[in-house]
Trainee: 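I'd like to ask some things about the structure below.
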Amino acid sequence: MEHIVSIQQDLGGALRGEFLSRYLDNLALLERLHRLMLDVIKDEFERLGAADINPVQALLLFNVGDNEVTAGELKTRGYYQGSNVSYNLKKLVELGYMHHKRCAMDRRSVRVRLTPAGQELRARVADLFRRHAEEMQHKGVVEFASLDMVARTLKRVEHFWSEQIRYIY
């Protein structure tokens, strides 16, 4: 009987080790995919001759879309992951891709929305993503059911991480 318990404990430790290894592999993959997505956007914008903004700024335009938001909302809604959101917003305003105005209630806060030029760049990113989705589907790179399963899994991880931040202190 002791022998069976020992084997179960060893197996449990090995499975935990395998899970940790797979978890770390997936974290690294998420990071690589994000960087690669930014490289794909950069490449597309260079081909189109629109190299005045960087891929992070282009993705920011894509995520803002038709909304009018504050810098804080960009982060809380998950539209922006960087630490220098103010710099990128200021740059996009300077380049004419975003309008900004002070909030009436809180003069320290600034609301931003896309200009027609920003909408045009956003449409380019949207078109890029649409083309990629169509091509992946056509070539059988990934099936809808697989994408759905990945999305559900990532949402559970997102929820878990959010809970860790919310209740850690």
Side-chain angles (χ1 to χ4, degrees), residues 24-162 165:
L24 295 175
D25 286 346
N26 278 277
L27 290 178
L29 179 59
L30 282 171
E31 187 177 354
R32 285 194 313 272
L33 284 172
H34 180 69
R35 275 184 278 154
L36 190 55
M37 178 187 58
L38 294 175
D39 287 343
V40 166
I41 294 170
K42 179 179 183 269
D43 185 58
E44 177 76 2
F45 273 48
E46 286 175 353
R47 266 198 302 275
L48 294 170
D52 58 340
I53 67 171
N54 66 44
V56 170
Q57 292 164 344
L59 194 56
L60 185 58
L61 292 174
F62 176 78
N63 287 324
V64 168
D66 293 328
N67 299 310
E68 183 176 274
V69 296
T70 66
E73 288 171 334
L74 289 172
K75 292 184 97 170
T76 58
R77 292 183 187 185
Y79 292 161
Y80 188 83
Q81 281 71 41
S83 61
N84 52 359
V85 67
S86 295
Y87 166 80
N88 283 315
L89 289 176
K90 180 180 175 192
K91 193 73 173 166
L92 289 167
V93 168
E94 288 172 4
L95 292 169
Y97 296 119
M98 283 193 163
H99 288 295
H100 76 288
K101 67 178 179 182
R102 294 257 171 232
C103 292
M105 301 290 270
D106 180 359
R107 301 296 295 162
R108 297 169 297 168
S109 187
V110 174
R111 298 194 69 73
V112 296
R113 63 181 165 79
L114 302 187
T115 64
Q119 289 285 358
E120 185 180 319
L121 283 182
R122 182 195 185 281
R124 288 182 178 181
V125 177
D127 185 57
L128 172 70
F129 290 159
R130 181 196 50 75
R131 288 192 328 263
H132 285 178
E134 288 173 358
E135 192 172 342
M136 282 193 284
Q137 187 176 28
H138 177 73
K139 291 183 175 182
V141 173
V142 67
E143 297 172 358
F144 179 83
S146 298
L147 278 178
D148 190 51
M149 184 179 72
V150 167
R152 283 187 276 123
T153 301
L154 291 175
K155 285 177 183 175
R156 288 193 307 267
V157 171
E158 178 185 36
H159 178 76
F160 175 80
W161 285 348
S162 294
I165 294 167

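Residue numbers start at 1 and run along the sequence shown. In what follows, every heavy atom counts, from backbone to side chain, and hydrogens, waters and symmetry copies are set aside.
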Trainee: Taking atom CG of N88 and atom CG of N54, what is their separation to the nearest 0.5 Å?
Mentor: 5.5 Å

Trainee: Among residues two or more places apart or on two chains, list those pairs meeting side chain to side chain donor-acceptor pair (under 3.5 Å) that have a residue in residues 140-149.
Mentor: D148-R152

Trainee: Inspect the contact between E158 and K155 and indicate whether a charged nitrogen and a carboxylate oxygen are less than 4.0 angstrom apart.
Mentor: no

Trainee: What is the minimum heavy-atom distance between H99 and L114, and which atoms define it?
Mentor: CD2-O, 4.2 Å

Trainee: Any pair with a residue in residues 60-72 that passes salt bridge (charged side-chain N to carboxylate O under 4.0 Å, His left out), sequence neighbours left out, goes on the list, sorted by first then second residue, please.
Mentor: E68-K101, E68-R111, E68-R113

Trainee: So, D127 side chain and A123 main chain: donor-acceptor pair closer than 3.5 Å or not?
Mentor: no

Trainee: Could you pull out the closest heavy-atom pair between Y87 and Q57, with the gap in Å?
Mentor: CE2-NE2, 4.2 Å

Trainee: What is the minimum heavy-atom distance between E73 and V69, and which atoms define it?
Mentor: OE1-CA, 3.1 Å

Trainee: Are L154 and L30 close enough, and set up right, to give a side chain to side chain contact (heavy atoms under 4.5 Å, CB included), and what steps lead you there?
Mentor: CA-CA 10 Å; L154 291 175; L30 282 171; 4.1 Å; yes

Trainee: Measure the spacing between NZ of K42 and CD of E44 and express it to the nearest 0.5 Å.
Mentor: 13.0 Å

Trainee: Evaluate the side-chain proximity of V125 to L61: yes if any heavy-atom separation is below 4.5 Å, no if none is.
Mentor: no

Trainee: Can you measure from CG (L59) to NE2 (H34) and round to the nearest 0.5 angstrom?
Mentor: 6.5 Å

Trainee: Can you tell me how far apart CD1 (I41) and CG (L36) are? Round to the nearest 0.5 Å.
Mentor: 10.5 Å

Trainee: Which heavy atom in V93 sits nearest to a heavy atom in H100, and how many Å separate them?
Mentor: CG1-ND1, 3.2 Å

Trainee: For a quick test of reading the model, state the closest non-hydrogen atom pair linking G96 to A117 and the distance between them.
Mentor: O-CB, 3.8 Å

Trainee: Is a side-chain N or O of T115 found less than 3.5 angstrom from the main chain of Y97, in a donor-acceptor match?
Mentor: yes

Trainee: Go through the steps to decide whether M136 and L147 satisfy the test side chain to side chain contact (heavy atoms under 4.5 Å, CB included), and finish with yes or no.
Mentor: CA-CA 11 Å; M136 282 193 284; L147 278 178; over 6 Å; no

Trainee: Of the non-hydrogen atoms in L95 and D52, which two are nearest, and what is the gap between them?
Mentor: CD1-O, 3.5 Å

Trainee: Report the distance from atom CG of L38 to atom CG of D43, rounding to the nearest 0.5 Å.
Mentor: 12.5 Å

Trainee: Quick one: does E134's side chain have a donor or acceptor within less than 3.5 Å of a partner on R131's backbone?
Mentor: no

Trainee: Side chain to side chain contact (heavy atoms under 4.5 Å, CB included) between L89 and L74: does it pass, once the steps are laid out?
Mentor: CA-CA 10 Å; L89 289 176; L74 289 172; 3.7 Å; yes

Trainee: For V64, does its backbone N or O pair with a side-chain atom of N67 as donor and acceptor, under 3.5 Å?
Mentor: yes

Trainee: Mind jotting down which residue pairs meet the salt bridge (charged side-chain N to carboxylate O under 4.0 Å, His left out) criterion with at least one end in residues 27-37? Sequence neighbours excluded, please.
Mentor: E31-R35

